[in-house]
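When a ligand or atom number is given, it counts from 1 through the structure's own listing order. Note that the structure is predicted; figures quoted are calculated from it, not measured.
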Amino acid sequence: MAQVAEPSERFHEAGRRWNLPGTKEEDCFSWSYDASPANSGQLYLQSLLRTKRFDIDSLLPPPPGIDSIAWLYEHMRQICIELGIYVSLVHRECTEHQCPVMRAQETTYYCAGHGSPRPCSAIGYSVHTLDYAVRQLSQRDSTSMKHFQSMVRRLYRIFAHVYFHHRDVFERQESATYLYARFVRLARKYELAPESQIIIPEIPSTVG
Ligand SMILES: [Zn+2]
Ligand SMILES: [Zn+2]
């Protein structure tokens, strides 16, 4: 008679490397790896994140066999995946009604996801900007440093909005993931954002 697999066995079923609907956040990306940097930069980065998520220094240098631009590309792709989860969590309290305009403190940002830039709700801006970034990243060959810079500038505002207007969500998420810390360290390492645009501390003193 067939044995019913334990949940942990089902979770690690052979070869599956995607998060099933309903997977708890802390279990996301929890599969086994045979990845090497050369055959899959994305899987290799995800494997590093499983064990070294909070040791950002160890995540940033390109591993052997990957050049620095390819490694930056893998990081940006992974940040967009995690930002998708992040934005859906933020949406619980950042609604079109609550935040009808995208802003951080008093600065309002136009959304570039509409052909010509126009005002958008904060959650609309976040979703549209993330979609736009994912579309750009899917055209890997045409992704240049200039694209990365404008992508980082736009994505940064998502964090800035959450930091200034939903601080408890920001701190809870940052404590659990260090996603902003990784994003900003990457932006600094690759000079993707001028210092004047970096308006949130790398690791806020209340996060730990
Ligand atoms: Zn909001
Ligand atoms: Zn929009």
### Total protein N, O or S atoms, the Zn ion (ligand 1), separation less than 2.8 Å
4
### Partners meeting side-chain contact (heavy atoms from CB on, under 4.5 Å) with Thr177 (sequence neighbours left out)
Glu25, Arg53, Gln173, Glu174, Leu179
### Query
Does any donor atom in the side chain of Gln98 or Glu93 lie under 3.5 Å from an acceptor atom in the other side chain?
no
### Message
For Ala104 versus His161, what's the shortest heavy-atom pair and its separation?
### Response
CB-N, 4.2 Å
### Message
Test your reading of the model: is there a side-chain donor-acceptor pair from Trp71 to the backbone of Pro63, 3.5 Å cut-off?
### Response
no
### Query
Which atom pair, heavy atoms only, marks the closest approach of Ala160 to Ile199?
CB-CD1, 4.1 Å
### Message
Once salt bridge (Lys or Arg N to Asp or Glu O under 4.0 Å) is applied, do any residues pair with Glu202, and if so which ones, sequence neighbours excluded?
### Response
Arg185, Arg188
### Task
Scan side-chain atoms only and decide if Glu74 and Gln78 contain a donor-acceptor pair under the 3.5 Å cut-off.
no
### Query
Should the ring pair Tyr109 and Tyr125 be called parallel, tilted or perpendicular, given that the plane angle runs from 0 to 90° and is split at 30 and 60?
tilted
#### Entry: Distance-only side-chain donor-acceptor flag, Tyr86 / Tyr180, under 3.5 Å
no
### Query
What is the total of protein N/O/S atoms that are closer to the Zn ion (ligand 2) than 2.8 Å?
4
